[in-house]
Amino acid sequence: MSTQMSPGTETIERQDTRTQPGDGDGDRERFSHYVPKEKLADAMINGTPVIALCGKVWVPSRDPERFPVCPECKKKWESMKPGGQGDA
């Protein structure tokens with residue numbers, strides 16, 4: 001028995017985009033992130049994903065008090081506040 005693909009079909013490789021311990025983007029896993037409070041409450045209740053100021057997308061499930069604040073989120077938050085770096 002031979003294994004051949006039908007004409008018009010192709011194999012598509014999907015790159016594994018999950019983060020592994022020690023890789024650069026995986027460092028975002030070690031921080032608490034800034035998201036709008038109303039979105040966080042909904043995410044915690046309904047299990048919907050949120051987007052942090054730094055761009056991280058995830059479904060919150062851990063106590064954010066256990067982790068330091070994400071430096072990228074903090075920098076963006078401070079630039080948004082009156083008197084912050086973002087004011088001209």
Side-chain angles (χ1 to χ4, degrees):
M1 175 178 220
S2 69
T3 306
Q4 292 185 337
M5 295 175 59
S6 300
T9 62
E10 62 183 285
T11 301
I12 300 173
E13 289 187 35
R14 188 174 81 188
Q15 184 177 4
D16 185 0
T17 59
R18 294 175 291 184
T19 58
Q20 298 294 322
D23 64 3
D25 201 40
D27 288 345
R28 290 186 182 177
E29 301 300 321
R30 298 186 188 122
F31 295 112
S32 59
H33 297 272
Y34 290 164
V35 298
K37 284 184 183 182
E38 64 278 357
K39 298 215 184 239
L40 181 60
D42 181 59
M44 295 294 280
I45 294 168
N46 298 313
T48 55
V50 293
I51 303 173
L53 290 178
C54 68
K56 176 185 168 70
V57 178
W58 86 108
V59 176
S61 62
R62 300 181 187 168
D63 177 10
E65 298 294 322
R66 293 181 39 211
F67 301 95
V69 173
C70 168
E72 192 175 340
C73 281
K74 184 175 183 178
K75 182 178 177 181
K76 288 183 180 189
W77 174 253
E78 289 174 349
S79 72
M80 294 167 41
K81 293 182 351 186
Q85 300 169 355
D87 284 356

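Worth knowing before you read on, the calculation uses all heavy atoms, side chains too, and leaves out hydrogens, waters and symmetry mates. Position 1 is the first residue of the sequence, and the numbers go up from there.
A 4.5 Å side-chain heavy-atom check between Met44 and Leu40 finds at least one atom pair inside the cut-off.
Counting non-hydrogen atoms of other residues, nucleotides and ligands closer than 6.0 Å to CH2 of Trp58 gives a total above 12.
Hydrophobic cluster membership is shared by Val69 and Met80, with clusters built from Ile, Leu, Val, Met, Phe, Trp and Tyr side chains linked at under 4.5 angstrom. Under the 4.5 Å side-chain heavy-atom criterion for grouping Ile, Leu, Val, Met, Phe, Trp and Tyr, Ile51 is not connected to Val59 through any hydrophobic cluster.
None of Lys75, Lys76, Lys74 except one satisfies the side-chain contact (heavy atoms from CB on, under 4.5 Å) rule with Glu78; the exception is Lys74.
Pairing each heavy atom of Phe31 with each of Phe67, the nearest pair is C-CB, 3.8 Å.
In this structure, NE2 in His33 is found 5.5 Å from SG in Cys73, a value given to the nearest 0.5 Å.
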